[in-house]
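Beneath this line is the structure, given in structure tokens, with notes to follow.
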Amino acid sequence: MNAPLTSDMAHSLAGTPTHAKQAVETFLSHGTRSPKEYGGTVNPPVCRASTIVFESMQDMDERQQAIDHDEAGVMWYGRKGTPTTFALQESIAYLEGGYRTLLASSGLAACIAALSAFVKAGDHILMGDSVYGPTRHYATSILARYGIATTFYDPAIGAGIEALIRPNTRVVYVESPGSQTFEVQDIPAIAACAHRHGARVVMDNTWASPLYFKPFEHGVDVSVQACTKYITGHSDALLGSITSTREAWQEVRSYVYAHGLNAGPDDVYLAQRGLRTLSVRLERHQRNALEVAHWLAAQTAVEQVLYPALPGSPGHELWKRDFTGASGLMGLVLKPCAAQSLRDFVDSLELFHLGFSWGGFESMIMPQDPMPTREASRWPYAGPLIRLHIGLESPDDLIADLKEGFARL
Ligand SMILES: *Cc1c(COP(=O)(O)O)cnc(C)c1O
């Protein structure tokens, strides 16, 4: 049953947070929901709306003024949000530690909107060489066509990025760790350089989720989540979020509205539902992943485990300095082997399914080849790279599955 939704309710959902001092776990359980307003339902219902009708011309004028004053949660037209979207936007803004959040229909749509919001023809972007492939493709194909140049940099660059900044550099786009090759970047050092030269720092923060890396405490201006991953957490919805500082907000908002970006109410609802259990799931992903990573590191077929939380893994020291936890996604570099052996290994696994995406409750595997796209950094390994997502299964069963697989290598 959906209780009638009024603009008052929307206001109260997206209004001044009453949860400023709550621990994250408590916020995840209680934040941005108000059962009293929906006839007692525990979760804010799915609100389906294109048209929002106004009570009068005066009502319409008042809402317009509220929008002009940048008030959150104003019901105006479905594309600009409903109580369903306002609740998730407020949740993510709170968790990331930013000013406001807007949603897009996929993580990729959110990445490219956050990137494009700050550039015009003639501008220049710096992008980490380990960035998510489709984001890279957008920069080199579409943005290049509009006269916006992108230079890729070695993810290990840190403060050395200063040398690559040009007078027309507007955005430094970071993803840390890279979701395919897991280099951890020195975000505070990069952000300090970028800001000295008037550039914005846009970060894809999907790997750590808003729980394990606080982008705005490390100098980031805009943070993106592929909510498709851990926030939804069940591999059954596509969604992206863009969260910004107050300073960057007008540019983000104007770009998102001008492009008509929005997200369907069912996907938004599923993401908000997934968010309720995020801290519990991530804790388990991390524990399982650490156990599997330790085991993998001791196998003779393994050249290197790329999991920043594992001592000895590349980026471990930076991860320890800046992150408060690790998720379940890691890289595994095998010693060089025949292509058919790799296929036999992947195909023999029963619990690790072959498929794109990650962040759901289940384990996944995907061979990767970082070589063809690298231009600013050398990929140092000769053997094959495999990406593993460690799910919520028993780690003993996952290890037994991998052990069987290694027997076929
Ligand atoms: C999956 C992913 C995206 C894109 O998300 P979609 O919802 O699949 O479009 C963006 N960035 C990273 C790091 C990802 O892993």
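Order of appearance sets the numbers: ligands from 1, and atoms from 1 within every ligand.
In this structure, R196 pairs ionically with E162, as a charged nitrogen and a carboxylate oxygen lie closer than 4.0 Å.
Just one of V202, V220, T243, I187 meets the side chain to side chain contact (heavy atoms under 4.5 Å, CB included) condition when paired with P215; it is V220.
Nearest heavy atom pair, residue L261 against residue A109, reads CD1-O, 4.4 Å. For the residue pair S241 and L103, the shortest heavy atom distance occurs at CB-CD2, 3.9 Å.
Summarising the geometry, atom NE2 belonging to H218 is positioned 7.0 Å from atom CZ belonging to R321; distances are rounded to the nearest 0.5 Å.
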Filter the ligand 1-protein atom pairs down to N or O on both sides and distance under 3.5 Å, then list them.
unit_1   : atom_1 : unit_2 : atom_2 : d
ligand 1 : 7 (O)  : G107   : N      : 2.7
ligand 1 : 7 (O)  : T228   : OG1    : 2.5
ligand 1 : 9 (O)  : G107   : N      : 3.2
ligand 1 : 9 (O)  : L108   : N      : 2.9
ligand 1 : 11 (N) : D204   : OD2    : 2.6
ligand 1 : 15 (O) : K229   : NZ     : 2.6
ligand 1 : 15 (O) : W358   : NE1    : 3.2

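Here ring-ring contact (aromatic ring centres under 6.0 Å, His included) pairs that include residues 332-365, with residues two or more places apart or in two chains, are Y230-W358, H234-F361, F345-F406.
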